[in-house]
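The next block holds one structure in the form of structure tokens; read it before the comments.
Chain A is the first sequence line, chain B the second, and so forth, proteins listed ahead of strands; every chain is numbered from 1.
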Protein chains: 2
Amino acid sequence: MDLDRAAGRLRAGGRRVTAQRRAVLRALTELGCAADAEEIHGRARRMHPRIGLVTVYRTLEAFTAEGLAQSVFLGDGRTRYEATEQGRHHHHLVCLHCGRIATTDECTVQPLEGTILRRGFEVTAHRLELFGYCARCRTRR
Amino acid sequence: MDLDRAAGRLRAGGRRVTAQRRAVLRALTELGCAADAEEIHGRARRMHPRIGLVTVYRTLEAFTAEGLAQSVFLGDGRTRYEATEQGRHHHHLVCLHCGRIATTDECTVQPLEGTILRRGFEVTAHRLELFGYCARCRTRR
DNA sequence: GTCTAAGTGAAAATCAGTTTCAATAAGACA
DNA sequence: TGTCTTATTGAAACTGATTTTCACTTAGAC
């Protein structure tokens with residue numbers, strides 16, 4: 001997500017573009033997938049040392065509302081965030097041994113959404129997370 | 001999940017079968033899918049009035065460890081639980097308008113798990129939640 | 001029946017996330 | 001460029017879900 005596009009979206013939503021928001025956006029893209037607020041705060045502080053954690057939470061809320069970021073839940077009790085990629089989405093592979101998170105661009109959910117629509121429920125989004133053991137942890141145990 | 005099987009699993013895991021645990025198990029099966037700790041506590045209290053919320057949390061943790069229950073995350077900041085059905089699983093359809101939760105037994109994730117295995121990651125479980133609008137909310141808006 | 005470790009309840013603690021409020025600053029307009 | 005309105009910010013206090021502590025109880029092995 002480049003800055004100009006993001007700034008445009010924020011302004012279109014009646015929001016202002018601040019140094020803190022630029023820092024959070026850059027932190028999000030640098031951190032890649034499924035970073036938590038604490039991590040994003042730490043990274044954003046490199047570019048804007050005075051930014052508070054509260055501002056990070058509020059910024060992530062604004063970004064989510066404007067479609068610039070999305071939340072991810074991996075079951076560890078905290079909300080994670082990542083920049084949205086336009087027209088694409090991915091899913092997470094969480095290793096139950098080392099905790100590392102990989103991703104996959106493949107998704108087999110669309111046909112299911114069709115079946116569900118035939119029952120009257122219109123699916124607009126889905127979350128899919130896969131859990132198991134990564135190659136490294138599988139061989140070393 | 002019937003009581004005898006559940007009791008057997010608990011004992012096999014070195015755990016004891018208590019009146020409180022029986023109450024939580026029954027509450028889980030009566031409440032059906034994706035109930036939160038507060039709801040489970042309220043229902044369990046009908047059978048065991050002195051049970052505390054803390055015990056409910058601890059029991060759900062034990063049940064999850066023994067495979068009697070599983071957690072569900074719908075993004076509202078609380079963990080939900082449901083009794084596991086042996087050899088089967090289902091997914092949740094969450095209406096973004098009325099909040100009602102429906103389920104589907106269909107699942108198109110298995111082929112994806114195969115693809116991922118070929119890359120070295122062994123999937124042992126997955127979570128899939130679908131969000132959108134139920135028939136009722138679709139027509140009334 | 002005895003005994004011991006697992007389980008319990010109540011209160012206190014923790015932890016992620018939210019709210020409040022006074023101060024700051026984006027950006028619309030003169 | 002300066003002015004003004006209002007969104008945004010930071011710090012501190014708060015909230016709500018969940019966990020920990022600790023003294024007391026009890027399941028179930030012997």
Can you confirm whether more than 12 heavy atoms, excluding those of [X], are under 6.0 Å from its [atom1] atom?
X     : atom1 : value
B:E30 : CD    : yes
B:R26 : CZ    : no
B:E85 : CD    : yes

Contact class for [X] (heavy atom, under 4.0 Å): base, sugar-phosphate, or nothing?
X     : value
B:I51 : sugar-phosphate
B:R50 : sugar-phosphate
A:R21 : sugar-phosphate
B:R78 : sugar-phosphate

Can a side chain N or O of [X] be found less than 4.0 Å away from OP1 or OP2 on [N]?
X     : N      : result
A:Y57 : C:dG17 : yes
B:Q20 : C:dG9  : yes
A:T18 : C:dA25 : no
B:T79 : D:dT18 : yes

Q.
If you assign each of B:R15 and B:L53 to its closest nucleotide in DNA chain D, which residue comes earlier from the 5' end?
A.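 Of the two residues, B:L53 wins.
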
Q. When the nearest nucleotide of DNA chain D is assigned to B:E61 and to B:R11 on a heavy-atom basis, which residue is associated with the more 5' position?
A.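 Result: B:E61.
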
Q: Check every atom of D:dT19, C:dT8, D:dT9 against the side chain of B:T55 and return the nucleotide holding the closest atom.
A: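 That would be C:dT8.
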
Q: Could you check if a side-chain atom of B:H89 sits within less than 4.5 angstrom of a side-chain atom of B:C107, using non-hydrogen atoms only?
A: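 Yes, their side chains come closer than 4.5 Å.
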
Atom-to-atom span, [atom1] of [X] to [atom2] of [N] - whole angstrom:
X     : N      : atom1 : atom2 : value
B:L60 : C:dG7  : CG    : P     : 14 Å
B:E66 : C:dA6  : CD    : C1'   : 13 Å
B:H41 : D:dG16 : NE2   : P     : 18 Å
B:E38 : D:dT19 : CD    : P     : 14 Å
B:Y81 : D:dA17 : OH    : C1'   : 10 Å
B:F73 : C:dG17 : CZ    : P     : 13 Å
B:I40 : D:dA17 : CD1   : C1'   : 13 Å
A:R45 : D:dA11 : CZ    : C1'   : 14 Å

Q | From B:R50 atom CZ to B:T55 atom OG1, the distance as rounded to the nearest 0.5 Å | A |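 Atom-to-atom, B:R50:CZ and B:T55:OG1 are 11.0 Å apart.
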
Q: Between B:V56 and B:G14, name the one whose nearest nucleotide on DNA chain C is closer to the 5' end.
A: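 Between the two, 5'-proximity favours B:G14.
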
Q. Any donor-acceptor pair under 3.5 Å between the side chain of A:R16 and the base of D:dT6?
A.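 Side chain to base: pair found, below 3.5 Å.
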
(Q) Can you tell me whether the side chain of A:R58 and the base of D:dG10 have a donor-acceptor pair closer than 3.5 Å? (A)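 Per atom types, the contact qualifies.
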
Q: May I ask you to decide if A:A27's main-chain N or O and A:R43's side chain share a donor-acceptor pair within less than 3.5 Å?
A: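 Side chain of A:R43 to backbone of A:A27: no pair is present.
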
